[in-house]
Amino acid sequence: MNAFFVVNPHARGGALGRRWPSIARRAEALFGPLHVGFTRAGGDATRLAREAVAQGFEWVLSCGGDGTHNEVLNGLVDERGHARACLGIVPAGTGGDFRRSLGLAHHVDAALQQLVDAEERVIDIGCIDFVGHDGQPARRFFLNIAGCGMSGKVVELVNASTKRLGGKLTFFLASARAMLSYDFPRCALSCEQQACFDERHTLVAVSNGRFFGGGMQIAPAAKLDDGLFDVVIMRRRSRLSMLAGQHRLYSGRHLDGDGSDFVLHRAASVEVHSPGLSLDVDGEGLGSTPARFWVIPAALRVRGG
């Protein structure tokens, strides 16, 4: 197959780099001689994916976590957000949330086999205009979920940890720590240019996929190919209530209540007007609001799921 592997050896606390020789043998048995590029710093995955497209590779496989997959996506798409090659996911990161949303197996060997056996499908992606860490306007495409609020703090804590406890426990503990220190700022939000929320909040998840935070099913009904975001807003709640109800986020039952804790909107475009709220985009902290999110329908071919 005409495929190029973008490999982040630092994924999952360096576990991917240590396991890569055995993974490479399995991949070569399935795909034939391998074409591989290794990342060394932030932005390398985007550069490697862009170079692979320029070299004529029709399929780029992202080996790493959700942040690596996001970087690869941003190397595959043109300025309109339409991808110039098919994306394959080899899940080897801490959270693995896009892998879950896509329906790929957790174990690398099983996921590789799925990539060989599966047919291509076409999915939507998201785009976000926001304020970068340098204070300048920035744009980013995303695969799974982008949002603001407490999830940005969780991402900071996870990325500062050793990640040796595995994805679910690492994110669970980081979420609990973030709940204890979050100050619940006000958030003014509009969907399809219509005001829909303006009050203190815990988080806003603009969801193309279903999962974030190491397995939390934040948007249980979200579909990757319906042309809409599921916008899930967690209102301000007591810290004790958030801790006690955290398990409902994993089961997806948090939206079953009376709407007092969570708000759900479906929209193709979303704007967060309040400034200074931390953003996380596919599990990476990239900047802050104000921000505008919109869906690019049928933008990306993927294998698996």
Side-chain angles (χ1 to χ4, degrees), residues 1-8 11-12 16 19-20 22-39 45-46 48-78 81-93 95-126 141-145 167 207-212 222-227 282-283 295-305:
M1 294 183 179
N2 184 21
F4 186 89
F5 286 74
V6 177
V7 180
N8 176 6
R12 200 176 291 168
L16 178 58
R19 292 187 56 205
W20 177 249
S22 63
I23 294 171
R25 287 192 293 271
R26 175 61 174 160
E28 192 165 19
L30 292 170
F31 296 92
L34 299 187
H35 304 275
V36 182
F38 293 94
T39 67
T46 295
L48 289 167
R50 189 175 292 125
E51 291 172 354
V53 170
Q55 293 167 23
F57 287 96
E58 299 171 354
W59 192 12
V60 177
L61 287 88
S62 175
C63 308
D66 289 326
T68 302
H69 307 330
N70 179 277
E71 283 200 18
V72 169
L73 168 70
N74 280 270
L76 296 184
V77 297
D78 60 21
H82 292 281
R84 297 161 292 177
C86 182
L87 174 67
I89 299 296
V90 182
D97 289 304
F98 183 62
R99 181 270 303 171
R100 291 183 177 91
S101 292
L102 194 58
L104 277 173
H106 171 65
H107 296 290
V108 172
D109 283 358
L112 287 169
Q113 188 65 56
Q114 275 184 278
L115 290 172
V116 172
D117 296 339
E119 296 182 357
E120 285 186 9
R121 58 184 290 201
V122 179
I123 67 169
D124 310 329
I125 63 172
F141 299 97
F142 64 96
L143 289 162
N144 189 42
I145 294 179
S207 309
N208 190 37
R210 292 165 56 194
F211 295 90
F212 85 155
K223 296 180 180 179
L224 291 166
D225 57 2
D226 64 354
D282 284 341
V295 172
I296 304 175
L300 178 68
R301 292 178 294 124
V302 295
R303 293 284 289 267

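Note that the structure is a prediction, hence the values are computed from the model and not measured. Any value given below was found using the heavy atoms of this structure, including those in side chains, with hydrogens, waters and symmetry copies removed.
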Practice task
Determine whether L143 and L300 make a side-chain contact, defined as any pair of heavy atoms from C-beta on separated by less than 4.5 Å.
Solution key: yes

Exercise for the section: Would you please indicate if the ring centroids of H35 and F5 are separated by under 6.0 Å? Expected result: no

Handout entry: Exercise: do S101 and N144 side chains pair donor with acceptor under 3.5 Å
Key = yes

Exercise for the section: Tell me, yes or no, whether the heavy-atom count around R19 atom CZ, taken from other residues, nucleotides or ligands under 6.0 Å, exceeds 12. Expected result: no

Exercise for the section: Would you check if L61 and F4 make a side-chain contact, meaning some heavy-atom pair closer than 4.5 Å? Expected result: no

Handout entry: Sub-4.5 Å side-chain heavy-atom contact between N70 and F141
Key = no

Exercise for the section: Test side-chain contact (heavy atoms from CB on, under 4.5 Å) on V60 and V72 and set out the steps. Expected result: CA-CA 8 Å; V60 177; V72 169; 3.8 Å; yes

Handout entry: Shortest non-hydrogen contact between F31 and L115, atoms and distance
Key = CZ-CB, 4.4 Å

Practice task
Please report the shortest heavy-atom distance between A92 and A11, naming the atom on each side.
Solution key: O-CB, 3.3 Å

Practice task
Please examine the side chains of L16 and C63, heavy atoms only from C-beta on, and report whether any two atoms are closer than 4.5 Å.
Solution key: yes

Problem - Gap between atom CD1 of I145 and atom CG of D66 - 0.5 Å precision - result: 9.5 Å

Handout entry: Pair D109-Q113, side-chain donor/acceptor within less than 3.5 Å
Key = no

Exercise for the section: Verify side-chain contact (heavy atoms from CB on, under 4.5 Å) between H82 and I296, making sure each step is shown before the conclusion. Expected result: CA-CA 8 Å; H82 292 281; I296 304 175; 4.1 Å; yes

Exercise for the section: Mind checking the CG-OG1 spacing from L73 to T46? Nearest 0.5 Å is all I need. Expected result: 8.5 Å

Problem - Main-chain N/O of A83 paired with D78 side-chain donor or acceptor, under 3.5 Å - result: no

Fill in the blank from the handout: Per side chain to side chain contact (heavy atoms under 4.5 Å, CB included), L87 is matched among V302, L102, I123 by V302

Handout entry: Minimum side-chain heavy-atom gap V36-W20 below 4.5 Å
Key = yes

Exercise for the section: Over all heavy atoms of both residues, which pair between R301 and E58 is shortest? Give the atoms and the distance, please. Expected result: NH2-O, 4.2 Å

Handout entry: Heavy-atom side-chain proximity of C86 to R303 below 4.5 angstrom
Key = yes

Practice task
Provide the closest heavy-atom pair for A298 versus V122 in the form atom of the first, atom of the second, distance.
Solution key: CA-CG1, 3.5 Å

Practice task
State whether the side chain of Q114 and the backbone N or O of A105 hold a donor-acceptor pair below 3.5 Å, judged by distance alone.
Solution key: yes

Practice task
Determine, step by step, whether R121 and D225 satisfy the side-chain contact (heavy atoms from CB on, under 4.5 Å) criterion, reporting the C-alpha distance in whole Å, the side-chain angles of both residues, the deciding distance to 0.1 Å, and the verdict.
Solution key: CA-CA 9 Å; R121 58 184 290 201; D225 57 2; 4.2 Å; yes

Exercise for the section: Verify, without hydrogens or angle tests, whether N208 (side chain) and F142 (backbone) share a donor-acceptor contact under 3.5 angstrom. Expected result: no

Problem - Short side-chain to backbone donor-acceptor contact, R84 and G75, under 3.5 Å - result: yes

Exercise for the section: Start with the C-alpha gap between L48 and E51, add the side-chain angles, then the distance that decides, and say whether side-chain contact (heavy atoms from CB on, under 4.5 Å) holds. Expected result: CA-CA 5 Å; L48 289 167; E51 291 172 354; 4.0 Å; yes

Exercise for the section: Compare all side-chain heavy atoms of D282 with those of H69 and state whether any distance is below 4.5 angstrom. Expected result: no

Exercise for the section: Identify the two heavy atoms, one from A111 and one from P91, that lie closest to each other, and give their separation to 0.1 Å. Expected result: CB-CD, 3.5 Å

Exercise for the section: Mind listing the closest non-hydrogen atom pair of G81 and I125 along with its distance? Expected result: O-CD1, 3.2 Å

